[in-house]
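Data first, discussion second: the structure below is written as C-alpha cells.
Atoms within a ligand are numbered from 1 in the order they appear, just like the ligands themselves. Source: prediction; values computed, not measured.
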Amino acid sequence: MSHCRAIEIVRDMQVFIRVFPYVRRYPLLAFATLFCALMGTLMVVVFPAVTQQIVDQVIGKNRPELLLPLVGLGFAAFFAQNLLNSLRIIFNNHFEQHVIFDLRSELYAHIQKLPLHWFDNRATGDIMTRLVEDVTSVERVLIDGIEQGTVAILQIVIVSALMMTYSPLLTLAALSPIPLLAAGAMAYTLTARSRYRRQRKAVSELNSLLHDNIAGIRQIKTYTSEEREHIRFDATSNKVRKETLTVMRAWAFYQPGMEFLSSAGLLMVAGFGTSQVLGGRMEIGALVAFFVLVRYLYEPVGRLHQLNQIFQSGRAAGDRVFEIMDAETEEDEGAGALCEPIRGHVVYQNVSFSYDPKLPVLDDIQIEVPVGSMVALVGPTGAGKSTIVNLLVRFYEFTSGGITIDGVPLRSMSRRHLRHNIAVVTQESFLFNGTTAENLRIGKPDASEDEMWEALRAANAVDFIRRLPEGLHTPLGERGVKLSVGEKQRLSIARALLKNPPILILDEATASVDTSTEKLIQEALDHLMEKRTSFVIAHRLSTVRHADQILVLERGRITERGRHEELLSHGGLYAELCRSSLIEK
Ligand code: ADP
C-alpha cells in the first residue's frame, strides 16, 4: 500500500513538472498574481486588531474619539484587500488563458503529426474532449495550485503566529483539529484519482457517441434507429451521471466532515477562552479578536480542500492530455534530405504490409509505373487497393520490401516533400467549411483568381461555381452552400489541378451520377491525369480501357496484370468482373 502511495505522489508531481514549463513562460503575470494575492492576505491582520481596540479601548476605557479612526482603518484595509483581489483575478485570468492557449496549441500541433494508425484507434469525440476540456483542467492544477495554495498556507502561518501573541494556549486549542483535517484530506486525495478518471472517461465516451451519431444522422434516420440510438445515448449519459454523482458523494461527506472538525476547534476556543477571561488571565477584547482570527484560520483550510478537488480532477485530465503528448509522432527522418524535383517513376518491390501484425493485407507486391503512365487497380473490396496507395503517400509504412520514386527510396524522402508531389482525389470529396476559393487554395495557397478559374474550367466546374451567389467567395460546407456529389468531385479535381503534382492517386467514385455529369467528371479526370503518373482505383470500364496497365488484386496479391484486351482473353478474375458488371460499362 505504501508503495502505491509513493507512486501516486510521484504521479501527482509529474503533472506539476509537465505543466511547469508552460507556466514559466509568463514570469511577469505569475509574479503580479502572486504579489496581489500575498498583499491581499496580509490585510487580514487589520480587522482583528481593530476589533480588539474597539472592545478594549473604545468600550472598555470609554474613548469614543477612537471609534471613527478605527472604523476608518478597517474600511481602508477591506477596500485595499478587495481591490488587490480584483487585480489578482484579472492577472490570474490572463495568466490562465495564455497557458491554456499554449498547451492547446502544442497539443494540436502534436496531434497533426501523429500517424494515421493512431487516429484509426481513437474516437474523434474523445480527442476533442481532451483538447477542449481536459487542457483547461490541467492548467488549473498549477496556476490555482500555486496561487491559492501559497496564499492559503501563508494565511494559516500569519494567522497562527498572530494568535500566538494573544494566547499560546488558545492557539493550541484552535490548531488541534488540524492533524485530523490533514488526515481527512489525505484520505480523500488517495481515493479520488480513480473516481475522477472514471468520470473523465465517461464524459469522453458521451462526446464520442454524440460526435458519431451527429455525423451519422442520415443513417440513423434511414434505418429508423432513433429509438435504439436514444437508448444507447441515455446509457452513456447515465454513466456520466453515475460517475459524477460518485465524485460528488465523496465530496458531500468530505467537505462537511472537515467543516465539522473546524467548528469543533471553534468550540474549544470558546470553552478555553471563556475560562481564561473568567480567571482574569485574558482581556475580553483579546478573546473577541481571537474569535475573528479563528475564522481567518479555518477559511484557508477550507480553500485547501477545494484545491484538493481541483487537483484530483486536474491530475486525471493531465494523464489524458500527456498521453497524447507522449504518443510517438511521424518522424520526418528524411527532412532536409532529398528535395530533388520528382518526375514520377514509381516502383514497388516485394512490398508486404499489415495494419495488424496478425492479419497480412498486402503480400509481395511488385509494380512498376513509368513516368506519366497510368495504372488501374481493380479487384473486390477489401483486396488491398487503397492500402497500396496509402503506402505511397506514407499514411502507413510498409513492413518489408521497398518503394522507390525515380530510384530514390521512399523512406529517404521527407514526408512533406513526398506529399507535396502527390495529389489524392478520393471518392468522398472532402470540403472544409470555408469558401470555394479557400478550398481551392489548399491545393496552391498563393493561387490567383485567374489560376483558380483556369483549374475550374479544366475540371468542368465553371458553370456551377458561377451560379453560386458570391462565386468563388461563397461559403461551402456545413455553414454554407451544399454541393452535389458530382459538383464536389469536380471541385476536388480542380484543387488537385492547382496543386499540379507529378503523381496522382485517384479513387474513382462508385456512386452513380447521371450520364451527363459522368461525362463532365470523366473529362475533368482526363485533364487531371494528363502527363502524370496516375494510380487509379478503378470501377469503370471507360477508365480501365485507357490504363497502361491493369493490376487485379485478390486478397492482397496481384493475380493478373496487363492491358484490357489481354486480360479479357485470359479469362480470369478480370474477365469475370467485367462480365458481372462489377466494373461498370
Ligand atoms: P480495397 O481498397 O481493395 O477495398 P483496402 O485496402 O481498403 O481494400 O483494405 C484491405 C484490407 O485491410 C481489408 O481487409 C480492410 O479491412 C483492412 N484495412 C483497411 N484499412 C485499415 C485500417 N486503417 N486498419 C486496419 N485494417 C484496415
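- Counting only distance, with no hydrogens or angles, the side chain of Q549 and the backbone of R561 share no donor-acceptor pair below 3.5 Å.
- For atom 10 (C) of ligand 1, the nearest non-hydrogen atom of the protein is G382 O, 3.4 Å.
- The aromatic ring centres of F353 and Y355 sit less than 6.0 Å apart.
- Ligand 1 lies out of reach of G379, whose nearest heavy atom is not under 4.0 Å from it.
- Taking any N or O of S386, backbone or side chain, at least one lies under 3.5 Å from an N or O belonging to ligand 1.
- Electrostatic pairing of R557 and E554 does not count as a salt bridge here, judged by no charged N lying under 4.0 Å from a carboxylate O.
- By the definition of a contact as any protein heavy atom under 4.0 Å away, atom 15 (C) of ligand 1 is not in contact.
- At a heavy-atom distance under 4.0 Å, only side-chain atoms of V361, from C-beta outward, approach ligand 1.
- Protein heavy atom at the shortest distance from atom 23 (N) of ligand 1 is D120 OD2, 2.9 Å.
- D126 places no side-chain N or O within 3.5 Å of a backbone atom of S204 that could act as its donor or acceptor partner.
- Neither the backbone nor the side chain of F395 comes within 4.0 Å of ligand 1, counting heavy atoms alone.
- Side-chain atoms of R532 come within 3.5 Å of backbone N or O of P501 as a donor-acceptor pair.
- Of the listed residues (D356, N390, T387), just one forms a side chain to side chain contact (heavy atoms under 4.5 Å, CB included) with V361, and that residue is T387.
- Nearest protein heavy-atom contact of atom 8 (O) of ligand 1 is G384 N, 3.2 Å.
- In this structure, K444 does not pair ionically with E438, as no charged nitrogen and carboxylate oxygen lie closer than 4.0 Å.
- Remark: side-chain polar atoms of K221 are not paired, donor with acceptor, to backbone N or O of E226 under 3.5 angstrom.
- Nearest to atom 12 (O) of ligand 1 by heavy atom, out of F119, F353, Y355, is Y355.
- For F432 and F430, the ring centers are positioned less than 6.0 Å apart.
- Under a 4.0 angstrom heavy-atom cut-off, T381 registers as being in contact with ligand 1.
- Annotation for ligand 1: atoms under 4.0 Å from non-hydrogen atoms of K385 are 1 (P), 2 (O), 3 (O), 4 (O), 6 (O), 8 (O).
- Annotation for ligand 1: atoms under 4.0 Å from non-hydrogen atoms of T387 are 5 (P), 6 (O), 9 (O), 10 (C).
- Distance remark: protein heavy atom present below 4.0 angstrom from atom 2 (O) of ligand 1.
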